[in-house]
Protein chains: 4
Amino acid sequence: MGAVKTKRMPRAVREQQMLDAAVRTFGQRGYMAASMDEIAELAGVSKPLVYLYLNSKEDLFTACIRREAAALTAAVRAGVRRELPADRQLWEGLGAFFAHTSLNPDGWSVLHLQARTHGEPFASEAAAMRAEIVAFVTQLILAAAREAHRDPDFPESDVVGLAEALVGAAEALADWANATPGVTARQAAATLMNFAWSGLGNLMDGQPWTPPDAAHEASG
Amino acid sequence: MGAVKTKRMPRAVREQQMLDAAVRTFGQRGYMAASMDEIAELAGVSKPLVYLYLNSKEDLFTACIRREAAALTAAVRAGVRRELPADRQLWEGLGAFFAHTSLNPDGWSVLHLQARTHGEPFASEAAAMRAEIVAFVTQLILAAAREAHRDPDFPESDVVGLAEALVGAAEALADWANATPGVTARQAAATLMNFAWSGLGNLMDGQPWTPPDAAHEASG
Amino acid sequence: MGAVKTKRMPRAVREQQMLDAAVRTFGQRGYMAASMDEIAELAGVSKPLVYLYLNSKEDLFTACIRREAAALTAAVRAGVRRELPADRQLWEGLGAFFAHTSLNPDGWSVLHLQARTHGEPFASEAAAMRAEIVAFVTQLILAAAREAHRDPDFPESDVVGLAEALVGAAEALADWANATPGVTARQAAATLMNFAWSGLGNLMDGQPWTPPDAAHEASG
Amino acid sequence: MGAVKTKRMPRAVREQQMLDAAVRTFGQRGYMAASMDEIAELAGVSKPLVYLYLNSKEDLFTACIRREAAALTAAVRAGVRRELPADRQLWEGLGAFFAHTSLNPDGWSVLHLQARTHGEPFASEAAAMRAEIVAFVTQLILAAAREAHRDPDFPESDVVGLAEALVGAAEALADWANATPGVTARQAAATLMNFAWSGLGNLMDGQPWTPPDAAHEASG
DNA sequence: TATGAATGAGAGTTCATTCAT
DNA sequence: AATGAATGAACTCTCATTCAT
């Protein structure tokens, strides 16, 4: 079951093996249901060695979150060419995002499900990474407005709401693509671009969807 | 701390007290970290009574999920007038959704976080409710197409992707609204309508955002 | 080995059984070497019940210290008639002390050895009891001075030193009597009265302090 | 924190460094709470080297006890001039004893607390040293009797009891002096001489044993 | 002479669950 | 309808100790 027992590895290598095993176990079993015993066995080492190197279950989980968060943001960053127009940047970023989450489902589960579900200090770690992405998307939206020669008349706090919505949609589609056979990363990205850009495009043109006002609603 | 100890209640009432306590505890502590001891104390009864009525921790959690799922879908359904046009239905549904999640944060946490995080059989329970909502949204999108006298030329599976994205965006905005003071349910709904409908509106008009083809991309 | 398994005892009774087992185990094995498993088995219950009632190893040990300290000081107090002259009070107190320590060697080990050896919060608990005894002895010495119509010309802090010495001598003789077959509590008390009251200098002059014989005591 | 890492020391030197670290750690943490890790780090060497030289935790602790016992008895012996009368020998011995224990609190804790608390084979090691001191005191008492031209009419076993009491008093005063700021070794010795030699009875009559003043002592 | 890498064994603690009334 | 008494099983974490170099 576990990894082949290769003896006497240098510490740095062993640590990565342990993190690999931990991400897999946390991602599949969940943080609380994962036992240090199982992680150690999957890593091919004894439990005390895990504690010697990673200190505690909390620290181990935190290390997993950080590693996976760094890997995800790095993948997105590496996939985006900043010299392109905003919509092209978003397209590339989404493609990189869906590609990464589909290749690293356990890491994605750690970041998106486990870290957010089990309170502090984990939630904050995951929230930090998410905030980074939301900020990036926010900048893209503002850039798109500039490119369309529009000084957006809505306040930046509204833009954050839009970015939150877009990121949330991406997260949901990542789960959906992972769970639905036959949906590729590219298709997920295309669906989300259709949904988000055609919508945002209209917004940029100053034609938001208008809510019915309350008075009208009451009489309607 | 816990409920006042009132003795000899009829079973149905006691069960609701227990479910109240359980939803609160599961929502705040998480499924695994919540202890039957704490739930029983918060419900104001002894532990054996919880087992007598709800059978096991799994069954108790499942009962929570079902109750909260039913409550959420009922709230949304009750908030929507089916005779209205699709966009107005969506607006009303989102308003009801955000109102409910902001008034029931523990129930929302149970459904959106806890149930999805702790494997079977809970994930399926939550997925069933979510599928219902996604189906409703899918129907709304198709209805909107018909209202615009468009026979959508994209397959229904694509529509499901759009619905998934919309629902994901709604979930994220619910979390965001709950976590951000000063964001009301109505504002969240307006933000999402802007994002989703202006976008979907464009789609309905046959003007999707077009991905650059790969050959072109390599040369660009 | 362990106590007979008597089932379904009221909590108060079980707690005493647990404390009995704990004092015995801590006294013989030492605080750290004693395992909760062993204590539970000796008490005839399962480990979780020990934790349910006594909370933790620390709390259990603290409870032992308190119980044994209370028992020891109560025994000494009960053995002393306050209306007697100081030397007679000391004689009675020492008799009661040595009798108690010889009948409760495990409790004495807990108080004198284990509690002092394993840091806070245990040391303070034991020190509190010891301070009480030192204070009692200090009062006896001052009373003796008054009885001899002497206003002692040395400061009270010096008296505390003398009391410390006397208590230390008593502690050592308790260990010695417990370890040396054939040395009774009464003999230990007589030795210490000789040492402490008459003083070695007087002993050399052939004037030992004379214990009142038992017959006389009964009538007095 | 730990010792400076100087490499390639001769074995004898390294062993002393280890024993220094071990005495300090055992004295402060206690035998069981002290970890070989901490001792090795404090000694500035790796754990396997400690095992290579000292063999096991038990052997290491035994070596500590022996070294500290030898140091204490040597200090007392070196402080006593055998040609003096018995009371002066006692005075000098106590002075040396209190001086040593106050300068070596960790060693004293190892001998007086730790070694006695953790069973065999440690208790026996400490008991051997203590027996030596008790024997020395016993001889002093008998010598005092001879000097007073008294053939003590009580059996030698009684004398042993007196010696035990005196040693116990000294031990307690050593702890007391270490724990009470402002009490010097000389004061502790004076208090004990008063207590032990003149006797409380004599003290009441205003005839304390008088320590020879320092000037006289230097010339004598 | 000296150490980085590694572990078997066991500790304290917690929890879902049941029995007897 | 309701509970005080009780536990099997599992968990995180630590430590003395050894191997291979």
Side-chain angles (χ1 to χ4, degrees), chain A residues 5-11 13-15 32-40 44-60, chain B residues 5-11 13-14 32-40 44-60, chain C residues 5-11 13-14 32-40 44-60, chain D residues 5-11 13-14 32-40 44-53 55-60:
Chain A
K5 274 204 183 177
T6 316
K7 297 239 165 178
R8 306 263 149 192
M9 317 273 297
R11 172 168 180 155
V13 177
R14 275 281 192 248
E15 278 190 10
M32 302 234 59
S35 85
M36 296 298 273
D37 264 305
E38 187 178 0
I39 292 170
V45 298
S46 68
K47 222 182 346 173
L49 200 60
V50 180
Y51 278 90
L52 188 60
Y53 287 173
L54 275 313
N55 212 42
S56 72
K57 196 185 188 184
E58 267 202 37
D59 284 7
L60 174 57
Chain B
K5 271 201 187 178
T6 318
K7 300 234 165 181
R8 302 264 152 191
M9 315 272 297
R11 171 162 183 160
V13 178
R14 275 279 191 248
M32 303 237 55
S35 82
M36 295 297 274
D37 264 301
E38 188 178 359
I39 293 169
V45 298
S46 70
K47 241 187 318 178
L49 199 60
V50 179
Y51 278 88
L52 187 62
Y53 285 175
L54 275 315
N55 209 42
S56 74
K57 195 185 186 185
E58 267 201 37
D59 285 4
L60 173 57
Chain C
K5 274 205 183 177
T6 317
K7 297 239 165 178
R8 305 263 151 193
M9 317 274 297
R11 172 169 181 155
V13 176
R14 275 280 191 250
M32 302 235 58
S35 84
M36 295 298 275
D37 265 304
E38 187 179 359
I39 291 170
V45 298
S46 68
K47 224 181 347 170
L49 199 60
V50 179
Y51 277 90
L52 188 61
Y53 287 173
L54 274 314
N55 214 42
S56 73
K57 197 184 187 185
E58 267 201 39
D59 284 5
L60 173 57
Chain D
K5 272 200 187 179
T6 317
K7 300 233 165 181
R8 302 266 152 191
M9 315 271 297
R11 170 162 183 158
V13 177
R14 275 277 191 252
M32 302 236 57
S35 81
M36 296 298 273
D37 264 301
E38 187 178 0
I39 292 169
V45 298
S46 70
K47 239 185 320 176
L49 199 59
V50 179
Y51 279 87
L52 188 61
Y53 286 176
N55 207 44
S56 73
K57 196 185 187 184
E58 268 201 39
D59 285 5
L60 173 57

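This one's a predicted model, so the numbers in the text were calculated from it and none came from an experiment.
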>> Can you tell me the base-pairing partner of E/dA20? Count Watson-Crick or G-U wobble geometry only, both distances below 3.5 Å, and say none if there is no partner.
In response: F/dT3
>> How many whole angstroms separate atom CD of A/Glu58 from atom C1' of F/dT12?
In response: 12 Å
> 5'-most contact on DNA chain E: C/Lys47 or B/Lys47, nearest heavy atom basis?
Replying inline: C/Lys47
> Counting side-chain heavy atoms from CB outward, which of E/dA2, E/dT3, F/dT7 is closest to C/Ser46?
Replying inline: F/dT7
> Checking all strands, does B/Ala33 fall into the base, sugar-phosphate, or nothing category for heavy-atom contacts under 4.0 angstrom?
Replying inline: nothing
> Considering all heavy atoms of both residues, which atom of D/Met36 and which atom of D/Lys47 are nearest to each other, and what is their separation?
Replying inline: O-CG, 4.0 Å
> Can you tell me how far P of F/dA20 sits from CZ of A/Arg11, to the nearest Å?
Replying inline: 22 Å
> For the side chain of D/Tyr51, counting heavy atoms from C-beta on, which of F/dT3, F/dC13, F/dT18 is nearest?
Replying inline: F/dT18
> Taking atom P of F/dT14 as reference, at what distance in whole Å does atom CE of D/Met32 sit?
Replying inline: 16 Å
> Taking a pair as Watson-Crick or G-U wobble with both distances under 3.5 Å, which nucleotide is matched to F/dA10?
Replying inline: E/dT13
> In whole angstrom, what separates D/Glu38's CD from F/dA16's P?
Replying inline: 10 Å
> Tell me: CG of C/Leu49 to P of E/dC15, nearest whole Å?
Replying inline: 16 Å
> Which atom names give the shortest non-hydrogen contact between D/Ser46 and D/Ala40, and what distance separates them?
Replying inline: C-CB, 4.1 Å
>> Test your reading of the model: is there a side-chain donor-acceptor pair from A/Lys57 to the backbone of A/Ser35, 3.5 Å cut-off?
In response: no
> Where the side chain of B/Val45 is concerned, which of F/dT12, F/dT3, E/dT3 is the nearest nucleotide?
Replying inline: F/dT3
> Which is true for C/Pro10 with a 4.0 Å heavy-atom rule: it touches a base, it touches only sugar-phosphate, or it touches nothing?
Replying inline: sugar-phosphate
> Which heavy-atom pair separates D/Leu52 from D/Arg11 by the least distance, and what is that distance?
Replying inline: O-NH2, 4.3 Å
>> Output the rounded distance in Å from NZ (D/Lys57) to C1' (F/dC15).
In response: 8 Å
>> Rounded to whole Å, how long is the line connecting atom CG of C/Asp37 with atom C1' of E/dG10?
In response: 9 Å
> Whole Å only: how far is the CE atom of B/Met36 from the P atom of E/dC15?
Replying inline: 12 Å
> If you take all heavy atoms of B/Asp59 and B/Leu54, which pair is closest and at what distance?
Replying inline: CB-O, 3.2 Å
>> Over all strands shown, is A/Ala34 touching base, sugar-phosphate only, or nothing at heavy-atom distances under 4.0 angstrom?
In response: sugar-phosphate
> Taking for each residue the nucleotide of DNA chain E with the nearest heavy atom, is it B/Pro48 or A/Tyr53 whose nucleotide lies nearer the 5' end?
Replying inline: A/Tyr53
> If you pin B/Leu52 and A/Asn55 to their nearest nucleotides in DNA chain F, which one's is more 5'?
Replying inline: B/Leu52
